[in-house]
Amino acid sequence: MEKSAYVDDFEMENSFQEDEEETEMKTEVKDDPKKVPTTPVKPTPETQSKVKKRSNNSSKTNSKNTDNEESSIKKRKKEKDDKTEVWKWWEEEKDKKKGGTKWTTLIHSGPLFPPAYKPMPKNVNFKYNGSNMELNPEAEEVATFYARLLDHEYTTKNIFNINFFKDWRKAMTSEEKWIIKDMDKCDFSQLRNYFVSETENRKAMTKDEKSKLREEREKEQKEYGIALIDGHEQAIANFRIEPPGLFQGRGEHPKMGCLKRRILPEDVIINCSKDSIPPPPPGHRWKEIRQDNTVAWLCSWTENVLGQNKYILLSPSSKLKGEKDFEKFERARSLGKIIDQIRKKYFDEMKSKEMKIRQRAVAIYFIDKFALRAGNEKDTNETADTVGCCSLRCEHIKLFKEFEGQMNIVEFDFLGKDSIRYFNRVSVDKKVFKNLEKFMRGKNGSDELFDRLTTTTLNQHLKSLMPGLTAKCFRTYNASFTLQQQLEKLTNANDSIHGKISSYNCANRQVAILCNHQKAVSKTHEKSMQNLKKKIKEKKKELKAAKKELEKIKAEKNKDKLEKKMKKLKEALRKLKADKTDKDENKEIALSTSKLNYLDPRISVAWCQKFNVPIEKIFNKTQREKFQWAIEMTQKGDGYVF
DNA sequence: TGCGTGACTTGGGGCAAAACTA
DNA sequence: TAGTTTTGCCCCAAGTCACGCA
């Protein structure tokens with residue numbers, strides 16, 4: 001399937017293009033990708049049944065539950081007040097300096113450290129060469145990290161085992177080292193079984209035990225999960241210090257299996273107001289205390305495997321993050337205003353005498369049209385071999401003058417971020433194709449395609465076209481633009497709510513395909529497909545029976561009743577079919593990433609308002625919190641246009 | 001100009017809670 | 001109510017990009 005941005009007429013707009021140039025291959029989005037047509041229905045979708053269920057439940061509640069109810073109402077009200085409070089704060093300060101206001105006071109409790117290691121029970125042993133072996137606590141802890149991953153594919157990988165064994169030996173006493181020399185003779189199964197049974201025990205806990213645990217977590221959340229910024233409560237995203245374990249890199253990562261050591265207060269830098277320093281855990285001290293209101297982090301430490309910094313940051317629902325999000329989408333909108341000029345310019349530059357400029361032009365074409373990432377250079381010894389646009393190598397593309405009747409075909413095949421494969425066969429502009437042939441001439445597969453280009457020079461150039469413009473901005477722009485365009489194209493005002501949501505998901509899916517957001521097919525996919533098929537079959541049977549009955553019936557009153565029933569059945573069948581199509585088409589496509597990071601939420605909010613779709617159907621609670629700014633900003637009837 | 005570093009955003013997997021079904 | 005499926009959320013790795021320094 002071709003993945004390309006909606007750049008409908010932009011090549012045509014470039015009238016300077018040479019005479020015989022072929023028109024671009026159509027994007028893969030068909031006129032109506034919705035496989036199951038939907039028609040208007042009575043307002044009886046799942047919303048109503050849910051409301052009913054809830055009211056049923058509440059009618060069951062008696063006086064002893066009234067307190068609970070009251071407290072939950074209070075809680076909900078507080079939730080709403082909190083949100084409004086944040087929005088008011090945002091409103092008050094929105095005209096202040098761009099880039100968000102800087103804090104004057106920042107108060108928080110510091111990070112929450114993971115619990116200390118609890119040694120294994122006496123009857124749970126590590127075995128070496130068939131015999132039980134007692135390990136020193138440190139080595140035993142590292143062994144448990146391995147045992148926890150025993151069912152995972154990681155432990156079948158050679159590099160993982162080599163890295164683990166090397167780091168594990170560092171935790172052993174000289175005596176242990178002398179004995180344990182062969183990974184193949186190590187038996188972690190008892191440790192693994194212990195963790196399996198622990199999980200089972202957790203699942204089997206009583207209601208009371210579970211609620212006690214939940215209370216504890218809520219208490220931690222309250223104590224460590226909130227920062228006070230200039231007197232305003234703001235949620236913290238990740239207030240927990242990452243627990244020790246084995247590094248699980250993605251793809252063929254050279255460091256997988258290395259020990260991620262335990263982080264201590266002595267490793268942690270605290271960023272807070274001078275007079276509100278959180279006390280370190282007893283017997284410890286912080287690495288450093290800082291007052292830096294130019295950065296967004298509250299705590300930071302350096303992770304030992306790759307030597308990178310890790311941060312404790314505010315939650316996406318916070319004012320600071322919201323403002324940044326808003327700016328990101330405003331920047332993408334600005335790009336939309338000059339995109340035609342930019343496209344004309346890079347097409348012009350494909351004819352430049354300078355190789356550097358032609359390479360840059362083709363790279364921007366790729367980024368714009370296929371939503372490729374920038375592709376920074378990276379250390380090949382420290383990370384998996386993945387690439388983006390600027391770091392593409394000749395081996396990552398194939399050129400076909402003609403392929404299955406189409407001209408100027410480029411086949412991309414490379415591993416991108418997270419070692420996710422990007423495969424796309426597309427027809428490109430003739431100038432692009434000719435340039436690519438030139439860029440590849442005389443090069444080996446392992447040579448860089450754009451050898452005169454780096455992300456730095458590319459972004460420098462983009463900045464000269466528009467302040468703040470970067471390669472990433474094209475992805476945001478094209479994703480949001482595609483959503484808006486697809487929603488316009490696919491939504492039918494007469495559809496049922498369910499039908500409209502289906503259209504939304506379809507538009508969302510086009511974006512996810514463009515951005516190459518994939519996911520592994522879930523283990524239960526096949527089974528749930530079978531279930532749906534079974535249900536469809538049953539519904540069809542019911543419908544058939546009802547039809548037969550209708551033919552027999554004479555009395556008008558009974559006829560009406562049956563016709564109503566049939567209408568209901570038909571709608572249910574339609575919904576089931578739509579669900580089945582959605583499920584199957586989404587099995588390998590992740591919709592959430594684009595929704596969370598690339599789609600201007602105001603488009604979705606305005607669409608919901610226009611078509612009377614409750615926002616809850618599109619954004620769940622967390623998403624609504626994150627996009628509160630967009631919900632507040634997009635006034636009903638405004639008809640927001642990206 | 002190139003490189004290293006710091007600070008952030010983006011990203012999919014996995015687990016547990018919630019919702020659904022029998 | 002128990003068992004099963006789905007959804008939401010947390011986790012933390014892996015990108016992007018700016019900046020400072022030699």
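The basis for the numbers below is simple: all heavy atoms, side chains too, and nothing from hydrogens, waters or symmetry mates. By convention in this document, chain letters (A, B, ...) are assigned in the order of the sequence lines, proteins followed by strands, and residues within each chain are numbered from 1.
Under 3.5 Å, the side chains of A:S315 and A:S318 contain no donor-acceptor pair of N or O atoms. In the model, A:S391 has no side-chain atom that pairs as donor or acceptor with a side-chain atom of A:K378 under 3.5 Å.
Using a 4.0 Å heavy-atom cutoff across all strands shown, A:P316 reaches no nucleic acid atom at all. Using a 4.0 Å heavy-atom criterion, one finds that A:R373 contacts the sugar-phosphate atoms exclusively. Across all strands shown, A:K519 has heavy atoms under 4.0 Å from sugar-phosphate atoms exclusively, and none from any base. Residue-level contact check: A:S592 touches neither bases nor backbone, having no heavy atom under 4.0 Å from any strand. Counting non-hydrogen atoms under 4.0 angstrom, A:E303 reaches nothing in the nucleic acid.
A close approach under 4.0 Å does not occur between any side-chain nitrogen or oxygen of A:T199 and OP1 or OP2 of B:dC15. For the OP1/OP2 pair of B:dT10 and a distance below 4.0 Å, the side-chain nitrogens and oxygens of A:K328 include at least one atom meeting the criterion. In terms of phosphate contacts, A:K472 brings no side-chain nitrogen or oxygen within less than 4.0 Å of OP1 or OP2 of B:dT9. For C:dA13, the OP1/OP2 oxygens have no side-chain nitrogen or oxygen of A:K255 closer than 4.0 Å. Contact annotation: A:H253 does not reach the phosphate of C:dA13 (side-chain N/O to OP1 or OP2, under 4.0 Å).
Heavy atoms from other residues, nucleotides or ligands lying under 6.0 Å from NZ of A:K537 number 12 at most.
Using bins of under 30°, 30° to 60° and over 60° for the plane-to-plane angle, the ring pair A:Y154/A:H152 lands in the parallel bin.
Distance A:F239 CZ to C:dC10 P: 9 Å, rounded to the nearest Å.
Residues from residues 305-313 of chain A placing a heavy atom under 4.0 Å of any atom in DNA chain C, listed by number, are A:K310.
Among residues two or more places apart in sequence or in another chain, the side chain to side chain donor-acceptor pair (under 3.5 Å) test is passed with A:R360 by A:E349, A:H461. Contacts of A:E198 classified as side-chain contact (heavy atoms from CB on, under 4.5 Å), with partners at least two apart in sequence or in another chain: A:Y194, A:N201.
Residue A:K324 places no side-chain atom within donor-acceptor reach of the base of B:dT9, judged by atom type and a 3.5 Å distance cut-off alone.
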